[in-house]
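Values in this document were obtained by computation on a predicted structure and should not be read as measured data.
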Amino acid sequence: MRRKTEKRIIVIGGIFLLIFVGLCINYYYIAMKREHVQTARTNAQCTIIAGKSEGTIYDRNLKPIVNAGTKRIAVAIPDFIDRDKVADYAVDREAFLEKFAEGEPFTFECTEDTEDTDGLTVFEIPERYAENQPAQHVIGYLSQGEGVAGIEYAYNKLLRNDYGMNSVTYNTDGFGRILIGDGKKIIRSTAEKSGVVTTIDIDIQRICEEVGKNIDKGAIVVADVKTGEIVAMVSYPTYTVDDMETALSDERSPLINRALYSYSVGSVFKMVTSAQAIMNHFGGYVYNCTGQENVEGKIFNCHKTDGHGMQTLSDAITNSCNTYFINLSQMLNVKKFRELANNLGFGREIHLCSGMTASGGVLPTVEDLTIPAELANFSFGQGKLSATPLQITQLTCAIANNGKMPVLQLIKGMTPDGKEILNEKDAQHSEVLERSVAKQLKEMMISAVSDNENSNARTNYTTVGAKTSTAQTGRTDKNGIELCHAWITGFFPADKPQYAVTVLVEDGGYGNDVSAPVFREIADRVTQEK
């Protein structure tokens, strides 16, 4: 009985063995038969992605603002490379050895002298941002591979298309093994050559960022006075995309682009009051500043408590005499005064691109300005009035450009190849001031620097015209001292203005002490280096 049972077990085992052998033979036949092998080679492939190239954001001269640097990424097939030899080319040797040990195709960052072999394919991939990335607030940043701020957001689809993948593809056999002998298909993307061309001049941008590096909170704007093209736009504090957590927790809100935000304006607005005075034939008005002005019972003090004495309009600009403009404003046509301010850009938004629009600020209504005290405040840029650094720059462009105010622009066009610029728009202007009026304003801004021995805007390598401002905020610091925004706006060279520059230091103090030295250094360095 026992022997019969053992016999049955042997027979059954033999049957299963025969079935298994038969299946193996059949599988081998299918795998090795010519038409099946050909099918495997045709349809079975292994593709390894080495990285993605994205469109570039360029400056006005087609210098890359992003994608300025590159790194080398290699695709490695472990079975077909010498581990120790290739490891010498790895930027991170330990990480390379760990990936190699897994036995699967992988990518690693390699050195510049790494060369292609059958089992090694090297790609040069653009690095999106530099360590000290210029124009961070202009270009914006990404989140999960999508643009969420700045130009990265405005042109997200254009910069991140479907043609940016860098890859290598190998054929595989029926068992999924890579067939080196069949060669490899390499796709090297050129997506980084196309992109958006801005009006930014990367050299001037870097000068401004370096000169203003000690500004805690504020903004710098530089524009071409004739075209309105923004050649530099800086906001402080800045941030780095590698440490967004710190930026989000910083109480100074570094992600805000302060060039787009409105602030109390102060004395730079006196240029508008002066323009209206000239247009109302009060350009020759002379006033005796005693240190204060009474407007229907409300006392306004001049910053020079003992008064400036007799002041012409040009003197009042140079000395920034508040009471002169308070007295002058009571004689102006309120409706036309406000209309001029609006024509000069106050109260109007400035659209640069999708998601990047400068605030219109606050322009008091005609009804507001019928109140004498409100009109008095308005005359020297205080009260309800607020404006952005972009609006102030636009005003300066109008004065420096003989009364023709250009529309500020940030986008120059598009490029398919990094060589040709498409869709360029012509400069747009508004005739906001008569040429003779603009000329007088320009001369007064030049005198405000050249005739003022205390001006910190006086340059060494060029000539300038400028107006400083110390704008009250109504807020105080922990010591009870009122916080003021420090402004300066001006142009250079004085005889043939090319650039308009505005510097704002939020809660910075006096314009002549804080903003004027920054303006002066920008003008000097741009003159020397450009």
**Report entry** Which residues share a side chain to side chain contact (heavy atoms under 4.5 Å, CB included) with T459, sequence neighbours left out
**Finding:** T462, V464, R520, A523, D524
Query raised in the report: Going by an N to O cut-off under 4.0 Å, is there a salt bridge joining R206 and E529?
Result: no
Requested in this report: Could you tell me which residues satisfy ring pair (Phe, Tyr, Trp, His ring centres under 6.0 Å) with Y261, sequence neighbours excluded, listed by chain and number?
Outcome: none
Query raised in the report: Taking the side chain from N456 and the backbone from P517, do they hold a donor-acceptor pair closer than 3.5 Å?
Result: no
Report task. Determine, step by step, whether D507 and K217 satisfy the side chain to side chain contact (heavy atoms under 4.5 Å, CB included) criterion, reporting the C-alpha distance in whole Å, the side-chain angles of both residues, the deciding distance to 0.1 Å, and the verdict. Result -> CA-CA 8 Å; D507 298 336; K217 294 181 295 183; 3.4 Å; yes
Query raised in the report: For A223, what residues pass the side chain to side chain contact (heavy atoms under 4.5 Å, CB included) criterion, not counting sequence neighbours?
Result: T393, C397, L408
Query - Backbone of I481 reached by a side-chain donor or acceptor of N479 within 3.5 Å - result: no
Query - Backbone N/O of E192 and side chain of T56: donor-acceptor pair under 3.5 Å - result: yes
Query raised in the report: D116: what forms a salt bridge (Lys or Arg N to Asp or Glu O under 4.0 Å) with it, not counting sequence neighbours?
Result: R188
Query - Counterpart residues, side-chain hydrogen bond (donor to acceptor under 3.5 Å, both in side chains), relative to T70 (two or more places apart) - result: E124
Let me have the donor-acceptor pairs involving side chains of residues 134-142, under 3.5 Å, with sequence neighbours excluded, atom names and distances please.
{"from": "Q136", "atom 1": "NE2", "to": "G140", "atom 2": "O", "distance (Å)": "2.8"}
{"from": "H137", "atom 1": "NE2", "to": "P254", "atom 2": "O", "distance (Å)": "2.6"}
{"from": "H137", "atom 1": "NE2", "to": "I256", "atom 2": "O", "distance (Å)": "3.3"}

Query raised in the report: Which residue pairs satisfy the salt bridge (Lys or Arg N to Asp or Glu O under 4.0 Å) criterion with at least one member in residues 225-251, sequence neighbours excluded?
Result: R60-E229, E229-K412, D250-R252
Report summary line: Those residues at least two apart in sequence (or on a different chain) that pass side chain to side chain contact (heavy atoms under 4.5 Å, CB included) with F96 are I81, R83, V86, A87, A90, F100, F106, F108
**Report entry** All pairs passing salt bridge (Lys or Arg N to Asp or Glu O under 4.0 Å) where residues 89-109 contributes a residue, at least two apart
**Finding:** D88-R93
Query raised in the report: With L158, which residues qualify under side chain to side chain contact (heavy atoms under 4.5 Å, CB included), at least two apart?
Result: Y155, V196, M414
Query raised in the report: What ring-ring contact (aromatic ring centres under 6.0 Å, His included) pairs are there with at least one residue in residues 490-530, not counting sequence neighbours?
Result: F492-Y499
Query raised in the report: Who passes ring pair (Phe, Tyr, Trp, His ring centres under 6.0 Å) against F346, sequence neighbours left out?
Result: F269
Query raised in the report: Between the main-chain N or O of A219 and the side-chain N or O of S235, is there a donor-acceptor pair closer than 3.5 Å?
Result: no
Query raised in the report: Salt-bridged, K63 to D59, with N to O below 4.0 Å?
Result: no
